[in-house]
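Before any comments, here is the structure.
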Amino acid sequence: MNDQDTRYINISLPSGTPRGERERFLRLCRILADSPGDATEPIDRTERFAQARLGDLYSQPTLAAAANALIDLVEQGWELTIYKHGPLLAAPGVHGDPELEKSRVRRQEHLRRDPQLRKPSVQRFIARMERPREFDGHLVSIFSLMRDGRELADTLAQAPSPDSAMRPYVQVVDAGRCGYTGLALHDIWRYFRHTWSNAYATVPGRSMPLLVRDAATPHHAVIGLAAISSPVVQITERDQWIGWNTDTFLDTARNQPSVALATWFRDRVQAQLDEIYVEDLLEDGVIDPTDLTDPSPEVVALLRADAERHRQKHHRTPLREVRKIGQDPWVERARSPLFRSKRSAALAEALEAATVVNTRFPDGASADDITAALDDSTVRTQIRRLIRRARGERVGTVIADLTVCGAVAPYNALAAGKLVSALAVSPTAIAAYRAKYARPSEIASSMAGRAIERESRLSFISTTSLYGSGSSQYNRLRWPAAVMGGPDGKEIRFAELGRSRSFGTSHFADETVDALVRLSRVKGATVRVNSVFGEGVSPRLRKVRLGLAALGWPSSQLLKHGRERIVYGVKLAENLRDYSLGIDADPVYLLDPDKLDSDDAVATWWFDRWGQRRAQQTAVQESMRSHRLIRPVQHGARVRLPADDDVPAAGDDSASAASGNG
């Protein structure tokens, strides 16, 4: 193989696989290499498996996992080549032409979205939402929440002020119902989410869906939707921009040492110790009370051994017992094998840090003392751990991702995606997020054996474009902070932070994940993924990793989407880094989080900056008028099933994809 061949990945079956399975897999590879199929249509895996005469895949777990994973990768544009020593795969490249690249990514997304829309349960949901029903003396349906584009265009042309044409406001989606149609708010949000280019999926962890509605219409039509969700744990571009990336933080600390930082190092160690339940560790003789103030290397080693014993015990625990953990009181959760393992490991780390930090950063330490301490590699190692743990504690509480954000027809023709984006980070949204999550943290409370409430005041919200060629929705999106009650002379904006090559599992079908999980279990994987809150981030990602490892395939390469996305961030607090890490107790906001009447001001700013100008353009007026509510309903905000989706989905230009874990 020459240098150009290094981009190829060998996907032969692992050694020890029966010869018959290897021959059948190679036969499937040849069929796919010779006729990969139409890139716009999913591969009929049942037909391909039959052509390759794979036989009963349940009795061939290695072949089942490999065949399903291969189909998914080929569907997503991976190039399959048969070399003399076996089959090779090459990742799809990013197309140089922005429009062609958008088309390629859109096709990839539709390969996952369309099978979802073909599911009988999804089609029943859509039909139920579109079926007329009586509410408050009127017949209503989801169509009642779509605005006729002709009426909107006429109103904009005649309205003396924007208030007469549109009155946008944010509605937090909860368990309630719409007061104008009687439809469940979650169902409304889900229906319009199905109009996006990518498949609808629930997000693990925190998630607060939002609707942006129009009070200028009888039923308060939906302008757009958004969702503020738990962020991806690590995004290099975001972490470097915030300044809490470990290396960036250490460089700053060494170049600008301060007593406040030294105090924070000590406080961080003590906070970690205070939030670990230790009663059972004392009862079992793993530690003595004096070890908490004067730890030795031996006690640290004992704690790590205890953590490993209980980790293995957790993976041997019957699944029905594991799933009960989340229903137990805090002390019982803390004493479960899962959290015993996590506590012992965390305590070992905290005690090890305490021996270094409390010695090298005493009260009264000068700037020179701090610089000298940070020149010590042992100190830097412990500070790195403190930073990572502080970031890990607050990454899901004071920062968030905008995982869904966009406008629906006919409003999207007016660049209302920019309006929805601004309202998604407005005081209304920030205050609602804080109110919703001002409650005990599941993980922290299970570690402490008592209720621990984490900070819930957001300081930063990030998102990514669906396409790598840019997002007209977020480009040049900035506004005076005063619009949201902030200080004069400041601005809030969607800043472009960089470009990220996404990494995750969205290109693997559910049946593939199931096959990979079964293979890892058959091969005797020592780690069991139970999808239980507290085991770790992204159970799906860990399951796919284990399965690919059982195949002997490189997960680090195969989990790459092959898509470049632009990362955007919205800074909400002046002291972003220090508040986000807990160095500062309170955020210095660029907006007034108590100004809950800012929706009107945001809407006025958007209309003056974007909406009014577009409403005067002939092409925009024609686009709006094409969305009609006469039967048969031909409206861009209606879910288009795969049989009739020759028109781009309503959310094509505005769907966010902040999902490195898929």
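Starting from 1, each residue takes its place in the sequence as its number.
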Worksheet item: Does the side-chain contact (heavy atoms from CB on, under 4.5 Å) test come out yes or no for Lys313 and Arg316, once each step is laid out?
Response: CA-CA 5 Å; Lys313 184 176 179 180; Arg316 293 194 302 268; 3.9 Å; yes
Fill in: Shortest non-hydrogen contact between Gly406 and Gln473, atoms and distance
CA-OE1, 3.8 Å
Worksheet item: Judged by atom type as modelled, is there a donor-acceptor pair below 3.5 Å linking the side chain of Arg394 to the main-chain atoms of Arg389?
Response: no
Fill in: Closest heavy-atom pair and its distance - Ile126, Val639
CD1-CG1, 3.5 Å
Worksheet item: Does Leu581 offer a backbone N or O that forms a donor-acceptor pair with the side chain of Trp244 under 3.5 Å?
Response: no
Worksheet item: If you round to the nearest 0.5 Å, how far is OH of Tyr200 from CD of Gln116?
Response: 8.5 Å
Worksheet item: Is the backbone of Thr17 close enough, under 3.5 Å, to the side chain of Arg22 for a donor and an acceptor to pair up by distance?
Response: yes
Worksheet item: So which heavy atom on Thr403 is nearest to which on Ser229, and how close?
Response: OG1-OG, 2.9 Å
Item to complete: Could you tell me whether Arg190 sits above the aromatic face of Phe125, with NZ or CZ closer than 6.0 angstrom to the six-membered ring centre and within 45 degrees of the axis?
Response: yes
Discussion item. Applying salt bridge (Lys or Arg N to Asp or Glu O under 4.0 Å) to Lys543 and Asp514, what does each step give before you reach the verdict?
Written reply: CA-CA 9 Å; Lys543 288 175 181 178; Asp514 291 343; over 6 Å; no
Worksheet item: Judged by atom type as modelled, is there a donor-acceptor pair below 3.5 Å linking the side chain of Ser445 to the main-chain atoms of Pro440?
Response: no
Worksheet item: Atom NE2 in His194, atom CE in Met129: separation rounded to 0.5 Å?
Response: 10.0 Å
Worksheet item: Would you call Arg640 and Asp114 a salt bridge, using N to O less than 4.0 angstrom?
Response: no
Worksheet entry | Near-ring test Trp241/Phe460, centroid separation under 6.0 angstrom | yes
Worksheet entry | side-chain contact (heavy atoms from CB on, under 4.5 Å) evaluation trace for Asp306 with Arg340 | CA-CA 8 Å; Asp306 186 74; Arg340 170 70 175 256; 2.8 Å; yes
Worksheet item: How many angstroms lie between atom CG of Leu548 and atom CD1 of Ile11, to the nearest 0.5 angstrom?
Response: 11.5 Å
Worksheet entry | Arg27 versus Gln51, side-chain donor and acceptor atoms under 3.5 Å | no
Discussion item. Could you check whether any side-chain N or O of Glu349 sits under 3.5 Å from a backbone N or O of Ala345, counting only pairs where one atom can act as donor and the other as acceptor?
Written reply: no
Worksheet item: Between Ser441 and Trp330, which heavy-atom pair has the shortest distance, and what is it?
Response: O-CH2, 4.2 Å
Worksheet item: So does Arg19 pair up with Glu23, basic N to acidic O under 4.0 Å?
Response: yes
Worksheet entry | Minimum heavy-atom distance Val395-Pro231, with the two atoms named | O-CG, 2.8 Å
Worksheet item: Cation over ring, Arg128 on Tyr191, under 6.0 Å and within 45°?
Response: no
Worksheet item: Just how far is it from atom CD1 of Ile43 to atom CG of Leu32, taken to the nearest 0.5 Å?
Response: 5.5 Å
Fill in: Under 3.5 Å side-chain donor-acceptor pair for Glu496 and Tyr474
no
Worksheet item: Roughly how far, to the nearest 0.5 Å, is CZ of Phe25 from OG of Ser12?
Response: 7.5 Å
Discussion item. So does Leu117 get a backbone contact from the side chain of Gln123, meaning a donor-acceptor N/O pair under 3.5 Å?
Written reply: yes
Item to complete: Report the C-alpha distance between Glu275 and Arg454 in whole Å, list the side-chain angles of each, state the deciding distance to 0.1 Å, and finish with yes or no for salt bridge (Lys or Arg N to Asp or Glu O under 4.0 Å).
Response: CA-CA 12 Å; Glu275 292 185 1; Arg454 291 289 185 222; 2.9 Å; yes
Worksheet item: From Arg333 CZ over to Leu338 CG, what is the distance, rounded to the nearest 0.5 angstrom?
Response: 11.0 Å
Discussion item. How close do Ser446 and Arg343 get, counting heavy atoms only, and between which atoms?
Written reply: O-CD, 4.5 Å
Item to complete: For the pair Arg304 and Glu352, find out whether any cationic side-chain nitrogen is under 4.0 Å from an anionic carboxylate oxygen.
Response: yes
Discussion item. Check whether Ser35 reaches the backbone of Ile31 with its side chain - one donor and one acceptor, N or O, closer than 3.5 Å.
Written reply: yes
Worksheet item: Below 4.0 angstrom, N of the basic side chain to O of the carboxylate: do Glu308 and Arg311 qualify?
Response: yes
